[in-house]
Amino acid sequence: MAADLSAQTFLLSTTTTSPQRSHPRTSTSFLPSSSLYSHSKTLLHLSKTSRPRRHSLHQVLCQSTGTQPISQLGHDRLSKVPISHIRNFCIIAHIDHGKSTLADKLLETTGTVQKREMKEQFLDNMDLERERGITIKLQIARMRYGFKNGEPYCLNLIDTPGHVDFSYEVSRSLAACEGALLVVDASQGVEAQTLANVYLALENNLEIIPVLNKIDLPGADPDSVIKEIEEVIGLDCSNAILCSAKEGIGITEILDAIVERVPPPAENADKPLRALIFDSYYDPYRGVIVYFRVIDGRIKKGDRVYFMASGKDYFADEIGVLSPTQQQVEELYAGEVGYLSASIRSVADARVGDTVTHYSRKAESSLPGYEEATPMVFCGMFPVDADQFPELRDALEKLQLNDAALKFEPETSSAMGFGFRCGFLGLLHMEIVQERLEREYNLSLITTAPSVVYKVNCVGGEVVECSNPSALPEPGKRKSIEEPLVKIEMLTPKEYIGPLMELAQDRRAVFKEMKFIAENRASLTYELPLAEMVGDFFDQLKSRSKGYASMEYTFIGYKESDLIRLDIQINGEPVEPLATIVHKDKAYGVGRALTQKLKELIPRQMFKVPIQACIGSKVIASEALSAIRKDVLAKCYGGDITRKKKLLKKQAEGKKRMKAIGKVDVPQEAFMAVLKLEKEVL
């Protein structure tokens, strides 16, 4: 009896969060935003104040979840359903448009996660994600939902990141789905990453369901946002769903739309097994854990499986689904999403994009997999303690398993010792990788200033790719240098067009197009050198637009430019880690800033130390550390001047000899401070 009472209490709390179930969208879609807001609040008030009798509660439950209660469906989510009742979908949106909140509400409404266990950003299980309020890794959750006629459906949700630097995660998620929820903030409208994600979904031929979130906000204007989506994206929004994930409005309509509009997977359960690996991670106790989508055939616990790209075979010790925690099952068949544990100890044996098949009944061909991610930003990573180099190598290999867009290769520096040259998709990606290495693997790291890959046309006709300034060929050996170019699109309110145009022109950008996507919102398109964007461009964009502008960029090719290598010399010795590749027009400003900063940071020596910024042999900026002098005249209390001159001459000769054989040790703190400065001024 107590159990029934607690279940009813939970059911009541769950169903009252979506009272609009009996109010179809047709009654609210044409209301103005203010009316819609008050209408939603009225519904919420009614649901909280009304006290239905027991039979009325039963009617409400049957109406929202079929004949089975929500909690019962949640407990039965591991039960098998026909392939025609499976729906694989993901949530795509611009950053901070409410993807994670909507995913939380879907988990709660379907009973996948009990209300007492719920917390904000439930699927974001990294501390870093919770601290920054962003999604970094794709997350999977299997839900069970009772449709209108009471038939249970299996819904596999993949929650995706929204930042442009994690677009590779989004593209992998889309390949494992048949449909996508396009979430747009009803108060902000279409943003830059909204467009990019829609185009990715269209390339994968997904069924797109437009969802307008945050309709409960006072500034929400659903009608104008619907019009904006239709005009900018070209997506039919006649059946768009209005919702508020925070208040629970429209959640049931979203679940119904997923069942009705997302196509089921193809019924290929009788074919030879083919499963696509779309994510993986390393567990120190169980080895490599693989996340996969079964495309053809079926896989059972204990089967001997074969990885077609690596040519390795293992026994499937454990298979299961993520709901959202790992739950073991005996079998998975075509259309289902799950995980595989097979005591895989080598991280190279199970890579993202590989195809899993049976060892005894191999598939004829592997699945297409994924296009290799192309790094856009590079930096050097070195352990503070040289003894941690092997640990850094192991950590990067394990992290690459979980983050397929990360690339790295060994590198040696005269100042910092052994380390790695790492490639990333963007600056935020670089920051996240560095923080994950330090937190998850207990490493202390130094990172050099971010740089891009340049193409150097040599005199002999060969083309050399160079991401490290110290590896740039000598001026006599190179004919020209080409730098990567990106097409950048900025969406902004019209009052910030001027400041953003000024920002772009300061960064050597070439104006291409400006168009108004709505009455008060414009789109600016520029071609911009990638090297100009890897600094503080995004921070400047946000500060000049007071946080309202957004941006999205795509790589378009290489262009010849007037670039030079700027070297830093301390006491006549070049310091390779501080060398940078800059445009000729910016060389003086960067050189002046670096020499002034080094003068503050390097401790004074017993001799004068010149600090110079050079282009080849030409010095363009210089500072000098004055010598620490011993007062050799302290013992002279008068007497002849020649005695004093003799002592001063002897001191000068000693300092000259000391300067010839002396060496300036640049402290680690100075390197770190100057590298931080380089990130700001470049």
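Note that the coordinates shown come from a computational prediction; the quantities given were computed from them, not determined experimentally. Worth knowing before you read on, the calculation uses all heavy atoms, side chains too, and leaves out hydrogens, waters and symmetry mates.
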Within a radius of less than 6.0 Å around NZ of K312, do more than 12 heavy atoms belonging to other residues, nucleotides or ligands occur?
no
So, Y441 and D394: side-chain donor and acceptor under 3.5 Å apart, yes or no?
no
For the side chain of D283 and the backbone of Y285, is there at least one donor-acceptor N/O pair under 3.5 Å apart?
yes
Determine, step by step, whether Y153 and R144 satisfy the side-chain contact (heavy atoms from CB on, under 4.5 Å) criterion, reporting the C-alpha distance in whole Å, the side-chain angles of both residues, the deciding distance to 0.1 Å, and the verdict.
CA-CA 6 Å; Y153 280 78; R144 190 175 173 90; over 6 Å; no
If we only count heavy atoms from C-beta on, is the V337 to I140 side-chain gap below 4.5 Å?
yes
Looking at every heavy atom in both A180 and I92, which two are closest together, and how far apart are they?
CB-CD1, 4.2 Å
Working note: H94 + D185, criterion side-chain hydrogen bond (donor to acceptor under 3.5 Å, both in side chains); need CA distance, chi angles, decisive distance, verdict.
CA-CA 9 Å; H94 187 81; D185 190 327; over 6 Å; no
Quick check against the 3.5 Å criterion: does D303 have a side-chain atom that pairs as donor or acceptor with the backbone of K300?
yes
How close do G338 and L332 get, counting heavy atoms only, and between which atoms?
CA-CD1, 3.9 Å
Set out, in order, the CA-CA distance, both residues' side-chain angles and the distance that settles salt bridge (Lys or Arg N to Asp or Glu O under 4.0 Å) for E364 and R274, then state yes or no.
CA-CA 10 Å; E364 294 180 1; R274 288 198 306 171; over 6 Å; no
Test salt bridge (charged side-chain N to carboxylate O under 4.0 Å, His left out) applied to E318 - qualifying residues, sequence neighbours left out
R286
Give a yes or no on whether a salt bridge exists between E178 and R261, defined as a side-chain N under 4.0 angstrom from a carboxylate O.
no
Give the minimum heavy-atom separation between S280 and V290, together with the two atoms involved.
CB-CA, 4.2 Å
Nearest-0.5 Å distance, CG of residue D403 to CZ of residue R436:
6.5 Å
Nearest non-hydrogen partners of L107 and A141, listed with the distance
CD2-CB, 3.6 Å
Under a 4.5 Å cut-off applied to non-hydrogen side-chain atoms, are V464 and K455 in contact?
no
Just wondering, do Y454 and E465 contact through their side chains at under 4.5 Å, heavy atoms?
no
Report the distance from atom CD of Q400 to atom CG of L406, rounding to the nearest 0.5 Å.
5.5 Å
Measuring from atom CD1 of I233 to atom CG of L182, what distance do you get when rounded to the nearest 0.5 angstrom?
5.5 Å
F555 ring center within less than 6.0 Å of Y558 ring center
yes
Check: R293 side chain, L276 main-chain N or O, donor-acceptor pair, under 3.5 Å:
no
Please tell me if the side chains of L367 and M308 come closer than 4.5 Å, counting only heavy atoms from C-beta onward.
no
Residues that E438 engages under salt bridge (charged side-chain N to carboxylate O under 4.0 Å, His left out), provided they are two or more places apart
none
CE/M430 to CZ/F378 distance, rounded to the nearest 0.5 angstrom?
12.5 Å
Closest approach of A405 and H429, non-hydrogen atoms and distance?
CB-CE1, 3.9 Å
With sequence neighbours left out, write down each residue that passes salt bridge (charged side-chain N to carboxylate O under 4.0 Å, His left out) with R304, or none if nothing qualifies.
D313
Heavy-atom distance under 4.5 Å between the side chains of V486 and I556, does that happen here?
no
side-chain contact (heavy atoms from CB on, under 4.5 Å) evaluation trace for E435 with E440
CA-CA 8 Å; E435 285 202 42; E440 297 175 21; over 6 Å; no
Do F408 and R421 have side chains that approach each other closer than 4.5 Å (heavy atoms only, starting at C-beta)?
no
Counting C-beta onward and ignoring hydrogens, is there a side-chain heavy-atom pair between I254 and C243 closer than 4.5 Å?
yes
Heavy-atom nearest pair, L206 first then C177, reads CD2-O, 3.1 Å
About how many Å separate CG of L437 and CD1 of I432, when rounded to the nearest 0.5 Å?
11.5 Å
Pairs involving residues 329-343, ordered by first then second residue, that meet salt bridge (Lys or Arg N to Asp or Glu O under 4.0 Å) (sequence neighbours left out)
K80-E336, R142-E336, R298-E331
Side-chain heavy atoms of L157 within contact of L181, under 4.5 Å
no
Would you please test L155 and L255 for side-chain contact (heavy atoms from CB on, under 4.5 Å) and show each step?
CA-CA 9 Å; L155 310 182; L255 291 167; 3.7 Å; yes
Please walk me through it: do S310 and D349 pass side-chain hydrogen bond (donor to acceptor under 3.5 Å, both in side chains)?
CA-CA 6 Å; S310 63; D349 290 353; 5.1 Å; no
Begin from the C-alpha positions of D256 and Y145 and carry the test side-chain hydrogen bond (donor to acceptor under 3.5 Å, both in side chains) through to its verdict.
CA-CA 9 Å; D256 289 346; Y145 177 64; 2.6 Å; yes
Drop me the distance from E260's CD to E207's CD, to the nearest 0.5 angstrom.
11.5 Å
Side-chain donor/acceptor pairs under 3.5 Å, residues 265-273, sequence neighbours excluded:
residue	atom	partner	partner atom	Å
N268	ND2	D296	OD1	3.0

Residue pairs meeting ring pair (Phe, Tyr, Trp, His ring centres under 6.0 Å), one or both in residues 290-318, sequence neighbours left out, come to Y281-Y291
Distance-only side-chain donor-acceptor flag, D317 / S343, under 3.5 Å
yes
Using 30° and 60° as the class limits, which term best fits the ring planes of F420 and F389: parallel, tilted or perpendicular?
parallel
Keeping N88 on the side-chain end and G335 on the backbone end, is there a donor-acceptor pair under 3.5 Å?
yes
I would like to know whether V433 and F424 meet side-chain contact (heavy atoms from CB on, under 4.5 Å); could you show each step before the answer?
CA-CA 9 Å; V433 167; F424 312 92; 3.7 Å; yes
